[in-house]
2 protein chains.
Amino acid sequence: MTKLTLERVAELAGVSRSTASRAINGQDGVRPEIRRRVLDVVEITGFVPHAAARSLAGQRSNILGLAIRQTTEQVFSDPFFAGLVQGISGACNAQDQTLSLFLLQSADGEDRLPVRMLRTKLVDGLIVTATFTDDPLVWQLSESGIPFVMVGEAGQPDLSSVEADNDGGAALAARHLLELGRRHMATVTGPLRNSAAARRLLGFERALAAEGVPLDPRLVAEADFTEEGAYAATVQLLDGAPDAIFAASDRMGVGVMRAVKDAGLHVPDDVAVIGFDDLSPALETEPQLTTVRQEVAQLGTVAVDLLLERVRTPEVPPRRVELPTTLVVRGSTVPTAQREVLVR
Amino acid sequence: MTKLTLERVAELAGVSRSTASRAINGQDGVRPEIRRRVLDVVEITGFVPHAAARSLAGQRSNILGLAIRQTTEQVFSDPFFAGLVQGISGACNAQDQTLSLFLLQSADGEDRLPVRMLRTKLVDGLIVTATFTDDPLVWQLSESGIPFVMVGEAGQPDLSSVEADNDGGAALAARHLLELGRRHMATVTGPLRNSAAARRLLGFERALAAEGVPLDPRLVAEADFTEEGAYAATVQLLDGAPDAIFAASDRMGVGVMRAVKDAGLHVPDDVAVIGFDDLSPALETEPQLTTVRQEVAQLGTVAVDLLLERVRTPEVPPRRVELPTTLVVRGSTVPTAQREVLVR
DNA sequence: TTGTATGCGTTATCAT
DNA sequence: ATGATAACGCATACAA
């Protein structure tokens with residue numbers, strides 16, 4: 001059996017390579033009847049174009065890279081990442097792109113990836129996540145000229161990026177707690193080098209201040225987005241006797257609740273707890289965690305869209321997308337009995 | 001600035017393309033002096049060969065795929081996976097292979113991946129994880145002829161695969177508990193469709209039976225490798241008043257310990273608990289979890305080695321590697337005070 | 001609308 | 001040891 005190439009398909013369909021190519025790639029300017037014939041042959045033979053050849057000739061690999069700057073341990077224990085990758089992977093499939101993962105953990109890998117990926121032309125573009133506000137990778141990438149988008153804050157101005165409305169979301173949390181009559185708010189933040197963590201703190205502070213209930217600095221504890229970290233932070237915070245704690249992620253919310261309970265306090269009667277994300281951990285607590293929902297998977301979808309935009313039409317300027325957040329009220333702030341149907 | 005290609009490098013080094021190529025690829029048959037000159041030019045210019053061109057001409061993409069059959073949610077919350085990917089990724093870097101992730105979650109994706117990946121020649125081979133004993137993907141792959149290796153049990157005979165010695169590990173656990181004088185053993189298993197889960201149960205049972213302490217079927221509960229699942233399973237098991245519980249993973253061990261404690265029982269006095277993996281969750285309990293250690297990252301390393309073996313020398317038959325496990329004694333079976341230095 | 005011819009950047013074969 | 005040259009499989013500008 002002769003190797004199955006475009007040439008062979010064209011032959012079987014009785015057309016030229018170019019026509020076959022056009023038919024297969026859905027370009028127009030090919031008679032419907034001919035197109036059918038070609039596609040039939042493709043169907044029957046199971047032809048799939050050779051990735052490398054296509055890439056070489058077409059100047060495009062149809063591979064998108066996901067550059068991950070956290071340790072594998074972090075990545076693979078963070079439900080946020082699960083949702084994000086879910087979204088990215090789904091969008092890639094839908095757009096016929098292959099997703100390639102790059103773990104950027106090792107010190108030497110840090111400057112190897114840019115050079116390799118960029119020049120090698122393996123990927124058409126990169127989605128970069130979880131950078132810190134002054135991540136060198138970012139300017140390395142922008143210098144290199146490879147198309148890329150950020151999930152999270154773009155340290156630099158002229159970059160495409162997607163992010164949830166962290167300020168707004170945190171403000172939702174703040175106002176919800178205020179409405180419940182809480183006045184001694186505390187918050188467990190993520191690592192403040194992380195812009196999302198910083199903005200959630202900022203949004204929370206501002207919203208409180210706007211209502212004349214300034215946040216006591218002693219009731220702010222920085223943690224690391226893990227349950228354990230949040231637990232430890234909360235233990236400290238409890239000295240200040242807060243009546244509400246805003247955790248910058250659901251996972252941390254779980255830790256906060258555990259600490260509160262272990263201190264012999266009741267949630268929400270003594271301390272109301274609210275998280276951020278609306279991912280699975282929020283449902284695993286008792287009572288369930290009130291939280292600020294962000295559409296994590298959609299973050300991934302948008303990231304892919306933005307990236308393809310940069311890849312396909314480099315001339316249109318980069319843009320930043322900010323996805324809305326919503327409040328999801330559960331038992332950790334309002335006992336079930338007292339709650340109307342606030343969430344559809 | 002003219003495009004940086006092999007041609008250009010050759011020109012700058014004053015040699016032919018072929019020589020430049022050989023020098024760069026470390027092939028022999030090129031004078032040391034010449035090689036130096038070429039490599040210098042490479043160094044200075046920062047030349048990196050074009051992936052697609054190399055792939056097209058060389059019949060090899062140097063991309064390895066990791067096919068994941070679990071939901072993203074599962075994958076990104078399982079510390080086992082973190083370690084595995086860590087190992088795989090590291091080995092890929094070390095061997096100059098690019099790692100590409102394929103999430104095989106959607107129903108339609110299931111038969112799309114094989115066809116696409118295989119024919120497209122994008123990857124040289126695939127590492128497949130976490131299949132069930134009769135996973136259709138496995139025979140689809142073996143039919144297709146693409147080189148691949150399994151992490152876990154190979155349903156079929158003639159496949160390369162890596163796995164920890166699950167039977168042996170479970171036996172270690174069993175004997176340890178017996179030595180401690182426990183006689184009413186219980187176990188929380190993983191999903192028994194999963195071969196690793198099945199073997200851990202089997203190994204545990206057998207080792208007990210061999211010592212004349214058969215496992216009471218009522219003291220076996222199947223869970224799903226999650227903490228919550230294990231918690232629920234343990235609640236059931238406790239009715240049978242076991243004095244020791246073997247959890248088929250550390251993560252489940254955490255759930256088991258929580259359940260035991262919540263039942264007002266003491267670990268290890270009332271119930272000894274032992275896990276499997278020796279991953280981070282084992283250290284997060286109080287007391288820390290005794291466990292059967294498997295070298296998760298090495299699993300990944302070996303998988304890559306096996307795969308490259310299949311890719312580069314298809315003629316040598318596939319082989320199965322089984323990695324040894326070791327017992328790591330901690331407080332959940334032996335109080336610190338009573339413990340010698342068993343772990344270095 | 002279709003076909004022809006050329007180029008993509010590298011490796012591999014075959015001389016030299 | 002080195003160089004010329006032919007693949008590799010496809011896309012695309014151009015011609016028809």
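Remember, predicted model here, so these are calculated numbers, not experimental data. Each chain gets a letter, A, B and so on, in the order its sequence line appears, and its residues count up from 1.
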Minimum heavy-atom distance between B/Ala164 and B/Gln294, given as atom pair plus value: CB-OE1, 3.0 Å

Between C1' of D/dT2 and CZ of B/Arg36, the distance in whole Å: 20 Å

B/Leu122 backbone acceptor or donor facing B/Ser61 side chain under 3.5 Å: yes

B/Gln95 and B/Asn62: side chain donor to acceptor below 3.5 Å: no

Rounded distance in Å - CZ (A/Arg8) to P (D/dC10): 13 Å

A/Leu99 side, atom CG; B/Ser100 side, atom OG - distance, nearest 0.5 Å: 6.5 Å

NZ/NE/NH1/NH2 to OD/OE distance under 4.0 Å, B/Glu11 and B/Arg8: yes

B/Gly29 vs A/Thr19, nearer the 5' end of DNA chain D by closest nucleotide: B/Gly29

For the student: nearest non-hydrogen atoms of B/Val304 and B/Ile88, plus distance: CG2-O, 3.8 Å

d(CZ, A/Arg37; C1', C/dT2) in whole Å: 12 Å

Protein-to-nucleotide contact annotation, 5' to 3' order, nucleotides 8-16 of chain C [B base; S sugar-phosphate only; - none; under 4.0 Å, heavy atom]: BBBBB----

Distance below 4.0 Å between A/Ser16 side-chain N/O and C/dG3 OP1 or OP2: yes

